[in-house]
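Taking it in order: structure first as C-alpha cells, then the write-up.
Here is the naming used below: chain letters follow the sequence lines, and residue numbers restart at 1 for every chain.
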There are 4 protein chains.
Amino acid sequence: MLIQIEPQLDVPIYEQVTRQIIEGIARGEMKPGDTLPSVRNLAADLGVNMHTVNKSYHELEAKGILTIRAKSGAIIRSAEERALTPEQLQQIEKNLKPLVAEGMVLGATVDQIECMMKKVFADLQMSAEGV
Amino acid sequence: MLIQIEPQLDVPIYEQVTRQIIEGIARGEMKPGDTLPSVRNLAADLGVNMHTVNKSYHELEAKGILTIRAKSGAIIRSAEERALTPEQLQQIEKNLKPLVAEGMVLGATVDQIECMMKKVFADLQMSAEGV
Amino acid sequence: MLIQIEPQLDVPIYEQVTRQIIEGIARGEMKPGDTLPSVRNLAADLGVNMHTVNKSYHELEAKGILTIRAKSGAIIRSAEERALTPEQLQQIEKNLKPLVAEGMVLGATVDQIECMMKKVFADLQMSAEGV
Amino acid sequence: MLIQIEPQLDVPIYEQVTRQIIEGIARGEMKPGDTLPSVRNLAADLGVNMHTVNKSYHELEAKGILTIRAKSGAIIRSAEERALTPEQLQQIEKNLKPLVAEGMVLGATVDQIECMMKKVFADLQMSAEGV
DNA sequence: GTGGTCTAGACCACT
DNA sequence: GTGGTCTAGACCACA
C-alpha cells in the first residue's frame with residue numbers, strides 16, 4: 001500500500017497518514033488481521049519521524065480501527081471488533097455539515113453533493129471488491 | 001443571526017465563525033447583498049479578538065462567498081457572483097473522502113452515509129425555505 | 001500543589017504526574033474550573049520534558065478529568081461534566097482485582113483490606129473537607 | 001488451573017501470568033506445597049517464551065509466594081512461610097491509592113468503591129470455599 | 001526488532 | 001505565551 005505525504009499541506013502529517021491508512025483499509029488493500037508496518041519502518045519509508053507515525057497509529061487505535069500490541073505491532077481490527085457507535089456516526093455527521101453547507105452556499109444542488117458522495121463511496125468500494 | 005463559539009473545541013475559533021456564517025447563509029438567515037456586522041462589532045459580540053473575526057472574513061472572501069470593501073464592510077456575494085468552479089467541487093470532494101472512508105471502515109453502509117448526508121442537507125434547506 | 005517525581009521508579013514519569021494530579025483533585029487542592037499550569041511551566045518545575053507533562057495532561061483528558069483547550073490551557077472538569085461510566089468503574093475493578101488477590105494470598109483478611117481501602121479514602125476525603 | 005493470556009492488553013504477559021497464578025492460589029485452585037508446572041511446560045501450554053514464564057516465577061518468589069528450587073521446580077509456600085509484612089501491606093496500599101483517588105475524582109462514593117472491593121474479594125473467596 | 005518512554009530542541013497557529 | 005506539531009536522537013522492557 002502506497003502512502004503519499006505532502007508536508008506543505010496544512011493537514012498535519014500524522015493526520016495524512018491516518019487518513020490514507022483508513023482509505024487503504026476501505027479500499028481493501030489491507031484487511032482485518034493484517035499487521036501494519038512497524039512505526040520505524042513506515043517512518044523511514046515516508047521520510048518522517050517515528051513519533052509522527054506513532055501518533056497516527058494511536059489515533060487509529062482511538063478510532064477503534066486497529067489494536068496496538070506493545071512490542072509486536074499494530075493489527076487491523078475485524079469489522080466485528082469495530083463498534084459503529086452512535087457517537088462515531090455523530091462525529092462524522094458533525095464533520096459533514098460544514099462541507100455540505102459550503103457546497104450549498106456555493107450553489108451546488110443536493111443532487112450534485114449526493115452524486116459526489118456516491119462517487120467517493122463507489123471509488124473506494126470498487127477497489128475493495130476488485131481485490 | 002446567532003453565532004455560538006465553543007472555545008473548548010479543537011476547531012479554531014476563526015474556523016467556527018467561518019462555518020457558522022456559511023451555515024447561516026445556507027439556512028437563508030443572510031442573503032446576497034446583506035452586509036455582515038463590522039469586524040469590531042462581531043468580535044465584541046462574540047467576546048473574541050478582532051483578528052479572529054478578521055481572519056474568518058478573509059477566509060470567506062477566499063472561498064468566494066463574500067466581498068470585503070474597505071470602509072463599507074463585508075457584503076455577501078450573489079449566487080451569480082459566486083462561481084461554483086470545478087476546483088471548489090474537487091476541494092469539497094477531497095474533504096469528503098476521508099469522512100466517507102472512515103464511515104466505511106467502521107462498518108457504515110452507503111445508505112447510512114447517504115442518509116446522513118441528506119439529513120444534513122435537509123436541515124439546512126428546510127430552514128432556508130422556512131424563511 | 002506539590003508534585004514529587006521519582007525517576008528511578010518503574011512507574012513512568014507521565015503516569016506519576018497523572019496520579020498525583022488526580023490525588024490533588026481528590027484532596028481538594030485543585031477544584032473544577034481551575035486551570036492547570038502550562039505544560040512548559042509544570043515541566044520546568046518538575047525538571048522533566050514538556051512532552052512528558054503533555055502526555056500526562058492528555059491521559060487525564062482521556063480519563064474525562066480535564067479539558068484541554070488548545071492555546072489556552074487545561075481546565076479541570078466539574079463533577080457534572082465528568083461521567084462516571086460503568087466502563088470506568090469496571091476498569092477500576094479490573095485494576096483492583098490483582099491487588100486484592102495478592103493481599104489474600106499473603107494472608108490478609110477481608111477486614112484488613114477493607115480497612116486499608118477506607119483509610120486511603122478517608123485520607124483523601126479528609127483533606128478535601130479540610131479545604 | 002487455567003491461565004488465559006491476552007496479548008493485546010498493555011499488561012505485559014509475564015505480569016498476566018503472575019496475576020493469574022496469584023488469583024488461582026487465592027481461589028484455592030492451588031495450595032501450599034503444590035508444585036507449579038515447569039517453566040518449560042507452562043510456556044509451551046501458553047504459547048509464550050520460556051523467559052516470560054521464568055520472569056513471572058521469579059516475581060512470585062520475590063513477593064514471597066513461592067520458593068524456586070533448582071531441579072525440583074517451584075513450590076507454593078504455606079501461609080506460615082509467607083509473612084504478611086507491614087512492607088507488603090504498605091505496598092498494596094500504595095497501589096490502591098491512585099485507584100481510589102481516581103474513583104473519587106470521577107464521582108464514585110465510598111460505598112461504591114467499598115462495594116466493588118467486597119465484590120472482588122467475595123468472588124475469590126467464594127471460589128476458594130467451593131473447592 | 002518491537003513499541004514505550006524520555007530528552008532537547010524547533011517552528012507554527014492561535015489568542 | 002499557549003498548545004500543536006515535528007525532528008533527531010536515546011535507552012529500556014518485552015518477546
Side-chain angles (χ1 to χ4, degrees), chain A residues 5 7-17 35-44 46-59 61 67-75, chain B residues 5 7-17 43 46-56, chain C residues 5 7-17 35-44 46-59 61 67-75, chain D residues 5 7-17 43 46-56:
Chain A
I5 297 301
Q8 81 280 9
L9 248 63
D10 57 350
V11 180
I13 295 177
Y14 77 89
E15 184 65 30
Q16 294 183 39
V17 174
T35 302
L36 271 72
S38 79
V39 286
R40 280 172 175 78
N41 277 347
L42 184 52
L46 301 179
V48 303
N49 191 277
M50 186 200 84
H51 297 310
T52 307
V53 174
N54 196 36
K55 184 161 187 176
S56 170
Y57 279 19
H58 279 278
E59 198 186 8
E61 189 178 38
T67 300
I68 298 174
R69 293 193 194 177
K71 282 98 198 182
S72 95
I75 294 165
Chain B
I5 298 302
Q8 78 275 17
L9 291 181
D10 55 355
V11 181
I13 294 178
Y14 80 91
E15 185 65 28
Q16 293 185 40
V17 174
L46 301 177
V48 303
N49 194 292
M50 215 187 70
H51 300 316
T52 306
V53 175
N54 196 39
K55 180 158 190 175
S56 171
Chain C
I5 298 301
Q8 80 280 10
L9 249 63
D10 58 351
V11 181
I13 296 177
Y14 77 89
E15 185 65 28
Q16 294 183 39
V17 174
T35 300
L36 271 71
S38 79
V39 286
R40 280 171 175 79
N41 276 347
L42 184 52
L46 301 178
V48 302
N49 191 277
M50 188 198 82
H51 297 310
T52 307
V53 175
N54 197 35
K55 181 160 189 176
S56 170
Y57 279 19
H58 280 277
E59 197 185 9
E61 190 179 37
T67 300
I68 298 174
R69 293 195 194 176
K71 283 99 200 184
S72 96
I75 295 165
Chain D
I5 298 302
Q8 79 275 17
L9 292 180
D10 55 354
V11 180
I13 293 179
Y14 80 91
E15 185 65 29
Q16 292 185 40
V17 174
L46 301 178
V48 302
N49 194 293
M50 216 186 70
H51 299 315
T52 307
V53 174
N54 196 41
K55 181 160 190 176
S56 171

(request) Report the C-alpha distance between A:His51 and C:His51 in whole Å, list the side-chain angles of each, state the deciding distance to 0.1 Å, and finish with yes or no for side chain to side chain contact (heavy atoms under 4.5 Å, CB included). (result) CA-CA 12 Å; A:His51 297 310; C:His51 297 310; over 6 Å; no

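- Annotation: side chain of B:Leu9 is not in contact with side chain of B:Pro7 (no heavy-atom distance under 4.5 Å).
- In this structure, CD of C:Gln8 is placed 15 Å from P of F:dC12, rounded to the nearest angstrom.
- The 5' end of DNA chain F is approached more closely, in terms of each residue's nearest nucleotide, by C:Ser38 than by the other of A:Gly47 and C:Ser38.
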(message) For nucleotides 10-15 of chain E, give me one character per nucleotide, 5' to 3': B if any protein heavy atom sits under 4.0 Å from the base, S if the only such contacts are to the sugar-phosphate, - if neither.
(response) -B-BBS

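- Distance C:Leu9 CG to F:dA13 C1': 16 Å, rounded to the nearest Å.
- Interatomic distance, A:Arg40 CZ to A:Met50 CE, rounded to the nearest 0.5 Å: 5.0 Å.
- Within the 4.5 Å cutoff, the side chain of B:Glu15 has no heavy atoms near those of the B:Lys55 side chain.
- Closest of all the heavy-atom pairs between B:Ser56 and B:Val17 is OG-CG1, 3.3 Å.
- At whole-Å resolution of the value, CD in A:Glu61 and P in E:dG4 are 8 Å apart.
- Two residues are said to be in side-chain contact when any heavy atoms from C-beta on lie closer than 4.5 Å; A:His58 and A:Glu61 meet this criterion.
- OP1 or OP2 of E:dG3 has not a single side-chain nitrogen or oxygen of A:Asn54 nearer than 4.0 Å.
- Atom P of nucleotide F:dG4 and atom CG of A:Asp10 are separated by 17 Å, given to the nearest angstrom.
- Inter-residue side-chain proximity for A:Tyr57 and A:Leu42 is flagged as met; some heavy-atom pair is nearer than 4.5 Å.
- A straight line from CD1 of A:Ile68 to C1' of E:dT5 spans 14 Å, rounded to a whole angstrom.
- Among all heavy-atom pairs drawn from A:Gln16 and A:Val11, the shortest one is NE2-O, 2.9 Å.
- At least one side-chain nitrogen or oxygen of C:Asn41 sits closer than 4.0 Å to the OP1 or OP2 atom of F:dT2.
- Annotation: the span from A:Ile75 atom CD1 to D:Gln8 atom CD amounts to 9.0 Å, rounded to 0.5 Å.
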(request) For DNA chain F, just give me the dot-bracket, please: Watson-Crick or G-U, both distances below 3.5 Å, ( ) intra-strand, [ ] crossing earlier pairs, | paired with another strand, . unpaired. (result) ||||||||||||||.

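- One interatomic measurement links the two molecules: CD of A:Glu15 to P of F:dT5, which rounds to 9 Å at whole-angstrom precision.
- Between the P atom of E:dT5 and the CD1 atom of C:Ile5 lies a distance of 14 Å, rounded to the nearest Å.
- Using a 4.0 Å heavy-atom cutoff across all strands shown, A:Val48 reaches sugar-phosphate atoms only and no base atom.
- Across the protein-nucleic acid pair, C:Leu36 atom CG and F:dG1 atom P stand 20 Å apart, rounded to whole Å.
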